[in-house]
Amino acid sequence: MCLSLGWGFFLFNQVFAGDPGGANTYTESIQGLKFSVNFAWTLLSAFLVFNMQAGFTFLGAGFVQKKNTLNYLSMSFVDFCVGALVFWLIGFGLMFGGSGLAPGLSWGNRFIGYSGFLLIGDSYDVSTAALWMFQIMFAATSCTIVTGAVAERFKFHAHIIYSIFLCAVLYPVFGHWMWGKGWLELLPFGVGARDFAGSGLVHGIGGLTAFIAAWMVGPRYGKYNPDGSSNVIHGHNLLYIVIGTLTLIFGWFGFNAGSTLAVTELRVSIIAVNTLLAAASGAVTLLYLSFRITKKSDIIMTCNGALAGCVAITASGAYVPPWAAIIIGIIASLITRISLYLIETKLKIDDPVGAISVHGANGLWGLLSVGVFSDGTYGGVKGLIVGSGWQLLAQFISCTTLIAWCFSASFLFFFVLKRTFGLRVPVNAERSGIDVYEHGTGCYPGV
Amino acid sequence: MCLSLGWGFFLFNQVFAGDPGGANTYTESIQGLKFSVNFAWTLLSAFLVFNMQAGFTFLGAGFVQKKNTLNYLSMSFVDFCVGALVFWLIGFGLMFGGSGLAPGLSWGNRFIGYSGFLLIGDSYDVSTAALWMFQIMFAATSCTIVTGAVAERFKFHAHIIYSIFLCAVLYPVFGHWMWGKGWLELLPFGVGARDFAGSGLVHGIGGLTAFIAAWMVGPRYGKYNPDGSSNVIHGHNLLYIVIGTLTLIFGWFGFNAGSTLAVTELRVSIIAVNTLLAAASGAVTLLYLSFRITKKSDIIMTCNGALAGCVAITASGAYVPPWAAIIIGIIASLITRISLYLIETKLKIDDPVGAISVHGANGLWGLLSVGVFSDGTYGGVKGLIVGSGWQLLAQFISCTTLIAWCFSASFLFFFVLKRTFGLRVPVNAERSGIDVYEHGTGCYPGV
Amino acid sequence: MCLSLGWGFFLFNQVFAGDPGGANTYTESIQGLKFSVNFAWTLLSAFLVFNMQAGFTFLGAGFVQKKNTLNYLSMSFVDFCVGALVFWLIGFGLMFGGSGLAPGLSWGNRFIGYSGFLLIGDSYDVSTAALWMFQIMFAATSCTIVTGAVAERFKFHAHIIYSIFLCAVLYPVFGHWMWGKGWLELLPFGVGARDFAGSGLVHGIGGLTAFIAAWMVGPRYGKYNPDGSSNVIHGHNLLYIVIGTLTLIFGWFGFNAGSTLAVTELRVSIIAVNTLLAAASGAVTLLYLSFRITKKSDIIMTCNGALAGCVAITASGAYVPPWAAIIIGIIASLITRISLYLIETKLKIDDPVGAISVHGANGLWGLLSVGVFSDGTYGGVKGLIVGSGWQLLAQFISCTTLIAWCFSASFLFFFVLKRTFGLRVPVNAERSGIDVYEHGTGCYPGV
Amino acid sequence: MKKIEAIIRPEKFNIVRDALTELGYPGMTVTEVKGHGSQKGISEVWRGRRYRVDLLSKIKVEITVQDTDVEKIVNTIINEAQTGSIGDGKIFVFNVENVYRIRTKESGDTAV
Amino acid sequence: MKKIEAIIRPEKFNIVRDALTELGYPGMTVTEVKGHGSQKGISEVWRGRRYRVDLLSKIKVEITVQDTDVEKIVNTIINEAQTGSIGDGKIFVFNVENVYRIRTKESGDTAV
Amino acid sequence: MKKIEAIIRPEKFNIVRDALTELGYPGMTVTEVKGHGSQKGISEVWRGRRYRVDLLSKIKVEITVQDTDVEKIVNTIINEAQTGSIGDGKIFVFNVENVYRIRTKESGDTAV
Ligand SMILES: Nc1ncnc2c1ncn2[C@@H]1O[C@H](COP(=O)(O)OP(=O)(O)O)[C@@H](O)[C@H]1O
Ligand SMILES: Nc1ncnc2c1ncn2[C@@H]1O[C@H](COP(=O)(O)OP(=O)(O)O)[C@@H](O)[C@H]1O
Ligand SMILES: Nc1ncnc2c1ncn2[C@@H]1O[C@H](COP(=O)(O)OP(=O)(O)O)[C@@H](O)[C@H]1O
């Protein structure tokens, strides 16, 4: 986020008491109008990001079997609702406390924040609310990413429990380090680690948690044969997959371009262009790669390629030129292809929608790509292509930290959860479909 | 709306002749830019609200049986089209004439407006058009709400006739009282009755008309047994219900936050947060309540809970703090649960999508909640929690008026319609499906 | 576009070197804020237009048979991706080079542009990127329109090849004449030919190319009987058609109102109103016309009518008053009805979704309507209703040019393509469904 | 044992089932089918044009019963499913050579 | 009476029906089914991987006719539905013990 | 020849098919059906209310085989599809009077 560049548009150095009516923050002046414009931008972008929930819902629904569709829908919808409440209660304060980005966020250190809970007191403020509104969408996205990887066998209420954990602790802590004036953001290499709109933070955490979760819950019944080879368990609706992908890209424009939190940062236009080009190049790459392999124009791979491009460009979209966005997208789509293969065939982890490969692997690649392709035209971020290796070092450190934090914390969490509450529905329920078992009806009742 | 606060951003005290080109309204100044920003906000919000039509379409389609799906779709789409023409012709002038909110709206009294018809003359103006654009979306929403309650048995053309009535008379008249400088808005209690974005006006009118309409058309064939007990007639697609809910919430951000008509009112961020929190808390409440009762994680109730929260916060979203939004959402969802039970079991009114309970009941609760939870930080609205009961009185009066007006006017209307045109398709058509009967094809032809 | 009015908000007369960071373009001043507001407007509108891809996807999917659904989806998604890359590479430079609308677009003449390729050098600039972002959406829309007319029998890779041709040459060349300071825009009649948001350019080119393509590929197997009479081959999902229509209208608000590229042009509100009214009147007209003919409330015709209204108002929405928008919509819907009949019955061209009639015919009508109904309140465009025939002449010339250019260029192209690569899948693949043949799976696998 | 295969109108299915339930029948298998007999189809509308649909949705109900129950069941179905207009459907009776109940491996008459 | 049960390729259904209509047949019931015989399935693609689908879509057509008409109908179906490659389908003939027309309560031969 | 018509649980279908494949069987036709026998339905939930669904999804498998193979096939199906709880399904055996292979026009035993 632009915030992390220290240019944050919420300039509250003077006023640090909450202004819930907005009348003190807005004044009939250039400064006041600047606030309004940026509020409009931030909020409308947040709404677009919210709409990504519909995208994820479509996408995942298409990838799962008919008998488990409702369960996927429910997980994806409910984790958002629960996540919002938890983020309001705890997560936001841990993440942005001490960042000073808006009123009421004064207390916190480089490792953790401790102010801004419940949006009361000083944080009952229009600017803080705008920041919260944008941020909850990101936390919820991270949460929803996991859903796809554990679909078709995970207990519904276990899913809610880890959603609480993710939105309350896992995501905000790393988020604080990266975006809340934490130690990664302030690393003394380059300009400090940068993750513009959250390749690592949002998609990386989602994808890596998905990795641990999918591994610990085990593969779906019948996915692997005794000899270790895997079977194809296909989804039930490719229209949903394509519509889901389109809806996600639509939201992604808000996700990336909105992450300046300010349209007075005119760089937003290039961010939007980069997002589009990365998606397009990722899609076309996997279309033709798959065509070479299977002789069919595989539209699922095409969609995966588009999303992979979007994920990777999420960290670097603000710092790189359009031509680099295309390269980043191409590489992202190749990484996805390889990762899909490795995860399924070598690691034998069952990921119905490919969340680990699309979001996890490219979350990391996105972080690194900042250190490679940044051309110094925005935010002072300079990568290898303009001859500086320091930024790459910072990015590398953030990658390692991300992996270490996410794997250890989520391993511990799922380990305990498995031993106590349990992760998996009974095999009978899995075989005849989770929908009726958990929700009392199928997705298409009467069918 | 903020307009009703007397702060309206359309400051036309000087210029009251129409400015269709916009060149007089916009000037290269802070004032001019303020106009632009607020135009952008209002129009983009209107577009988001328009998209709620897609949400309603999905939602309702999921709730009805396969054989009646196309009929629902058609009603929901056509009432918007017809409504837009009628609102342009008559409704807008009745509602906003005399409000002085924009050029060409000068004539009208506290009970009815009579200027601004057809957007010609002085009302052929960029500001008036912006206001019209936002308002038509609300009128159409109100109209579409009714559709769900009468689905699966209502005559298509009878539906169009009452859509005309609703958009031409029923809605604009009450709308004038509430938003067009009418007597309710100017009540001498508190700051006058306030219905920020239309809990009562839009959802209340929709839901209460739905009540009358569903009652007068009678229950679907087979819904009630001779002994008075009711049967479950289930819908056909829960994915549509979930997607519909998500799409509606997406639009609701525009509905609520956009209702300031001005992003220079920075309160918009808190309005958006409140909307989200009310939806989330409503959803989670009904999820767990239903779970206690049926032992299943009932996703339809969860969706209903989310929408109930949205409806209730629509009136009060601008005036209450986030924690109160959560309480309002929780109460709204409980009201929905109880209302669903009463309507179906005690009143024996058949409402396939639950429109009466979600929109009608919570429309009223939303109006009242303004008088309870407003904390005085915006628009001077003070409720019980800051020790003032006067606002609650104003809200109570508006509730009573709403019920009286809506019930009497729509009863009369449907009574006459029933005796003349008739409300209901022949029972044979109902049993074999209205789609083929009314539209000449099913929704999924060839199936 | 407003650009074509010479009022372009991108005032770069001074600065013509690229400003990729945006810091020179934005300054803390009225001028700077104006840029921001207009960037926000342009980008958010572009995002809305992007979402029309989802609309087209739904719409087309509903119109085709189940066995060809995935193929339609794939064509519609992939042509966007390929188109974006090609437009970045070539199209944009050809179209806007020499227009001087943004940095890096200096070289070009009245017939063709030759600068701005790849968004590098001087065109690596925030303003140029904003313009590109908006324009690619239009090029891609044009491309997707063709898809529907050739669906259910066109080779997938042939489709990609003509998408490249369309986005690289066909569309940009005419686009340059119309929007890039080309000879049509500068015609000495009226204010020069005007196509506000691209009735002719986007929809006309799409629809006329669709005409040639559908004609050259031939009708679907079984569409026409030996005696020349035609059979109905119905689609498979009317919910998709209605949702697609709603999603398209949602995007159309961005398409039309966004085409000022500036919300400081307050006329945007009237443009939005006109779009809505044209859609509504088109829909209602065809609803009742069809009802008279078939005695059924035909919702497909209703949707077609709405879209026809949108297409026609796209050229004239900025220049005409609301009442004229309604007339334009009514006429557009009648044209569609007649065209559907002629194309299918007289010309015996098979157009599964009706793209030629909705987009092609109304693209031309839209262009002409500017010369008829413009009332001189915006952009100085004066039509017949204010007593001037010159504008109509300019519009007529642009119509003729459009037809001549589009028919000749695309005929040549498809002729060569047919002789070399071939246009059509084998008849066996067509009969058993293209989905499995081209993409290796059906849209609803396991069904 | 005999298999009774009845093709009926979809909207009549619930009534038929309820009547059969009162009678007591061993079980049924239901399939969505399409078909036509004397009823040669209806006309539907697609984008403003009428066209003939000659296959109409029907419900096929299969019930295997003891030989002695056939008449009773057939009569009940006819009584409930009849409207008197074309399209009411047909009932076919087949001989079943053997029946097995998977749960218990029983076969023959007791397995029905 | 006999029931002719033909499993044919979906894309051949229209032609078969048209040929039968010319011949004049009493009625038919159509079901979407899946199956395989010698045709052991095809390979489809899911997210970049090929996999075997061994059940292919077929159309099941059931026609009950007088005993004397069986051959005529069977021959027509075979002629129209044949492509010569694997997957063309099969026709099974069963004995029908009785037929009832629900509309009229007729039974036996005249009810077909 | 005999037609074996087995109604089994959907989740058992794959196992049954694999077992039959090992055995070698000539072909099969599969239909999605609904039904109930002793298993009188389950309760589902719609908007907070429980209601009975008395038709449950089943898979109907039809296999026509030589008379001598019937027992083998039936036993295999029973073994694989059995869970021991209500709802396991039934198998019906019918006589087939004739079979034709459309591709080759063969009829009788060799056509199966
Ligand atoms: N000879 C037949 N063979 C197979 N199915 C038939 C036959 N005759 C009728 N049917 C089935 O019965 C259904 C009802 O037939 P219909 O012609 O409407 O009955 P009726 O002759 O009593 O009017 C048809 O849709 C078809 O599925
Ligand atoms: N023995 C059988 N029992 C039941 N159905 C069969 C049998 N053999 C074939 N079928 C059905 O006929 C269809 C066509 O069979 P197929 O093997 O393609 O025919 P062929 O042997 O002529 O190539 C299969 O999909 C299946 O539905
Ligand atoms: N008499 C019958 N006639 C037709 N189908 C039957 C009959 N009995 C059972 N079935 C079919 O078999 C399925 C399984 O029957 P079920 O009652 O569950 O078996 P069980 O008696 O072994 O518990 C049912 O869903 C139904 O489709």
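Computation of the quantities below employed the complete heavy-atom set of this structure, encompassing side-chain atoms and omitting hydrogens, waters and symmetry-equivalent molecules. Not measured: the values here are computed from a predicted model. Note on naming: letters A, B, ... go to the chains in the order of the sequence lines (proteins, then strands), and numbering restarts at 1 for each one.
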*Do you know which of A/Ile326, A/Thr294, A/Asp298 has the most heavy-atom pairs under 4.5 Å to chain C?*
A/Ile326

*Within residues 302-311 of chain A, which positions have a heavy-atom distance to chain C below 4.5 Å?*
A/Thr302, A/Cys303, A/Ala306

_Using a 4.5 Å heavy-atom cutoff, which residues in residues 237-255 of chain C come close to chain A?_
C/Tyr240, C/Phe250

*Check whether any side-chain heavy atom of C/Leu43 sits under 4.5 Å from a side-chain heavy atom of A/Ser269, and report yes or no.*
yes

*Where on A/Val273 is there a heavy atom nearer than 4.5 Å to chain C: the side chain, the backbone, both, or neither?*
both

*Under a 4.5 Å cut-off applied to non-hydrogen side-chain atoms, are A/Ile299 and C/Leu73 in contact?*
no

*Looking at OG1 of C/Thr25 and CZ of A/Arg267, how far apart are the two atoms once the value is rounded to the nearest 0.5 Å?*
11.5 Å

*Measuring from C/Phe35:CZ to A/Thr264:OG1, what's the distance to the nearest 0.5 Å?*
13.5 Å

_Pairwise distance OG(A/Ser297) to NE2(C/His439) - rounded to 0.5 angstrom_ = 6.0 Å

*Is there a side-chain contact between C/Trp88 and A/Trp323, using heavy atoms and a 4.5 Å cut-off?*
yes

*Find the distance between CD (A/Gln31) and CD (C/Glu28) and round it off to the nearest 0.5 Å.*
5.0 Å

_Contacting region of A/Phe58 [heavy-atom separation from chain C under 4.5 Å]_ = side chain

_Within 45° cone and under 6.0 Å: A/Lys296 NZ/CZ vs C/Phe156 ring_ = no

_Aromatic centroids of A/Tyr288 and C/His157 separated by under 6.0 Å_ = yes

_Options A/Ala280, A/Ser45, A/Ala40, A/Ser290, ranked by heavy-atom pairs under 4.5 Å with chain C, top entry_ = A/Ala280

